[in-house]
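Everything below concerns the one structure shown next.
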Amino acid sequence: MTPLLALLGAALCSLTMSAEVVPQADFDLQGVSGKWYLIGFATNAQWFVTRKATMKMGTAMLKPTAGGDLDLSYASLNSDGSCWRKNNLAKKTDVPGKFTYVCQRWGSVNDMLVVDVKYDEYALIYTSKTKTGQTTTVTKLYGRGEEVNADVMEKFRQLSLEAGILAENIVFLPKNAECPAA
């Protein structure tokens, strides 16, 4: 019985290890530089569940710093014509494609991984957000244009499901006018 339990434990550990999210192996920081459109967003977080129907596409500007960090600037045009903006400086880690930052607005500690990227087309981002001992997962699909092909959309959907996000909380955002430059 003991050898069987040991084998079962080893099998479960290997499944957990293989399910671990890791950044793209050949990550190129300069390759993600520039403007991206937020096309897909997924999380089981309660704030999202109650607001997802009103969310629209926004833009992100990613700017690598000289020290290897990543300056993140988000903007989304609200229905009243005002702009929702958020800026963060994501600090590099020892793992290329993995960054960490504290969200200024919400106070969460975020571990962000670029898990799949084709630099001229799309980027899939996995973020683990921790605040007051609670951790939530957010996945995002960015595109260089306002649309990506169906295969990329399916990759995003699969990443989100594998991250434990419910299918009804995986959203492809409707197009939206852009905020004027800040």
Side-chain angles (χ1 to χ4, degrees), residues 19 21-24 27 32-63 70-80 82-90 97-131 134-179 182:
V21 179
V22 295
Q24 181 164 305
F27 178 74
V32 298
S33 180
K35 182 177 181 178
W36 294 88
Y37 291 88
L38 179 58
I39 295 171
F41 196 102
T43 182
N44 290 332
Q46 191 56 45
W47 70 264
F48 177 73
V49 172
T50 59
R51 291 181 183 86
K52 65 185 176 184
T54 62
M55 289 182 66
K56 293 187 178 172
M57 185 179 291
T59 57
M61 290 297 294
L62 306 185
K63 182 179 175 188
L70 194 57
D71 189 18
L72 312 169
S73 300
Y74 301 97
S76 182
L77 187 65
N78 294 317
S79 57
D80 66 2
S82 65
C83 284
W84 181 89
R85 296 183 191 275
K86 184 170 81 166
N87 297 293
N88 290 297
L89 180 63
K98 181 178 180 181
F99 301 87
T100 185
Y101 65 95
V102 175
C103 179
Q104 302 299 318
R105 182 167 289 184
W106 310 116
S108 58
V109 176
N110 301 287
D111 288 321
M112 180 181 90
L113 293 87
V114 181
V115 296
D116 187 10
V117 62
K118 187 172 176 185
Y119 300 99
D120 61 345
E121 187 181 342
Y122 70 89
L124 296 177
I125 310 293
Y126 173 98
T127 305
S128 176
K129 299 173 174 257
T130 304
K131 182 178 178 182
Q134 299 282 9
T135 300
T136 57
T137 300
V138 175
T139 57
K140 295 179 183 178
L141 167 60
Y142 286 101
R144 287 294 189 180
E146 294 178 308
E147 296 177 2
V148 293
N149 67 46
D151 290 342
V152 172
M153 293 172 79
E154 181 58 22
K155 279 185 179 187
F156 170 68
R157 197 178 76 72
Q158 284 302 316
L159 171 68
S160 302
L161 291 171
E162 289 168 12
I165 298 170
L166 301 173
E168 61 266 25
N169 294 331
I170 302 169
V171 177
F172 293 99
L173 302 170
K175 292 180 185 176
N176 193 15
E178 292 182 38
C179 288

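Note that the structure is a prediction, hence the values are computed from the model and not measured.
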Is the cationic atom of Lys140 (NZ for Lys, CZ for Arg) positioned less than 6.0 Å from the six-membered ring centroid of Tyr74 and within 45 degrees of its normal?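 So Lys140 does make the cation-pi contact.
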Less than 4.5 Å apart, any side-chain heavy atom of [X] and any of [Y]?
X: Thr43; Y: Phe41; answer: yes
X: Phe172; Y: Leu141; answer: yes
X: Leu77; Y: Cys83; answer: yes
X: Pro23; Y: Val114; answer: no
X: Phe156; Y: Ile170; answer: yes
X: Glu147; Y: Tyr37; answer: no
X: Leu72; Y: Tyr101; answer: yes
X: Thr137; Y: Asn44; answer: no

Measuring from [X]:[atom1] to [Y]:[atom2], what's the distance to the nearest 0.5 Å?
X: Asn169; Y: Phe48; atom1: CG; atom2: CZ; answer: 6.0 Å
X: Arg157; Y: Glu162; atom1: CZ; atom2: CD; answer: 10.0 Å
X: Asp111; Y: Phe99; atom1: CG; atom2: CZ; answer: 12.0 Å
X: Asn176; Y: Asn78; atom1: CG; atom2: CG; answer: 8.5 Å
X: Lys175; Y: Ile39; atom1: NZ; atom2: CD1; answer: 9.0 Å
X: Gln134; Y: Gln46; atom1: CD; atom2: CD; answer: 12.5 Å

Donor-acceptor pair, distance only, cut-off 3.5 Å: does the side chain of Asn88 make one with the backbone of Ala90?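 Between the backbone of Ala90 and the side chain of Asn88 there is no qualifying donor-acceptor contact (under 3.5 Å).
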If you take all heavy atoms of [X] and [Y], which pair is closest and at what distance?
X: Lys52; Y: Glu168; result: NZ-O, 2.5 Å
X: Lys131; Y: Gly107; result: CG-O, 4.4 Å
X: Asn110; Y: Val102; result: ND2-C, 4.3 Å
X: Met55; Y: Leu173; result: CB-CD2, 3.8 Å
X: Ser128; Y: Thr135; result: OG-CG2, 3.2 Å
X: Cys103; Y: Lys86; result: SG-CD, 4.2 Å

According to the interplanar angle, ranging from 0 to 90°, do the rings of Phe27 and Tyr119 count as parallel (below 30°), tilted (30 to 60°) or perpendicular (above 60°)?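 Ring orientation of Phe27 relative to Tyr119: tilted.
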Which residue is it: Ile165, Thr127, Val115? I am looking for the one with a side chain to side chain contact (heavy atoms under 4.5 Å, CB included) to Thr139.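 So, applying the side chain to side chain contact (heavy atoms under 4.5 Å, CB included) to Thr139 and each of Ile165, Thr127, Val115, only Ile165 qualifies.
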Pick one: which of Val117, Asp151, Asp116 meets side chain to side chain contact (heavy atoms under 4.5 Å, CB included) with Tyr122?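 When side chain to side chain contact (heavy atoms under 4.5 Å, CB included) is applied between Tyr122 and each of Val117, Asp151, Asp116, only Asp116 qualifies.
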Just checking Glu154: does its CD atom have more than 12 heavy atoms from other residues, nucleotides or ligands closer to it than 6.0 angstrom?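 Above 12, so yes.
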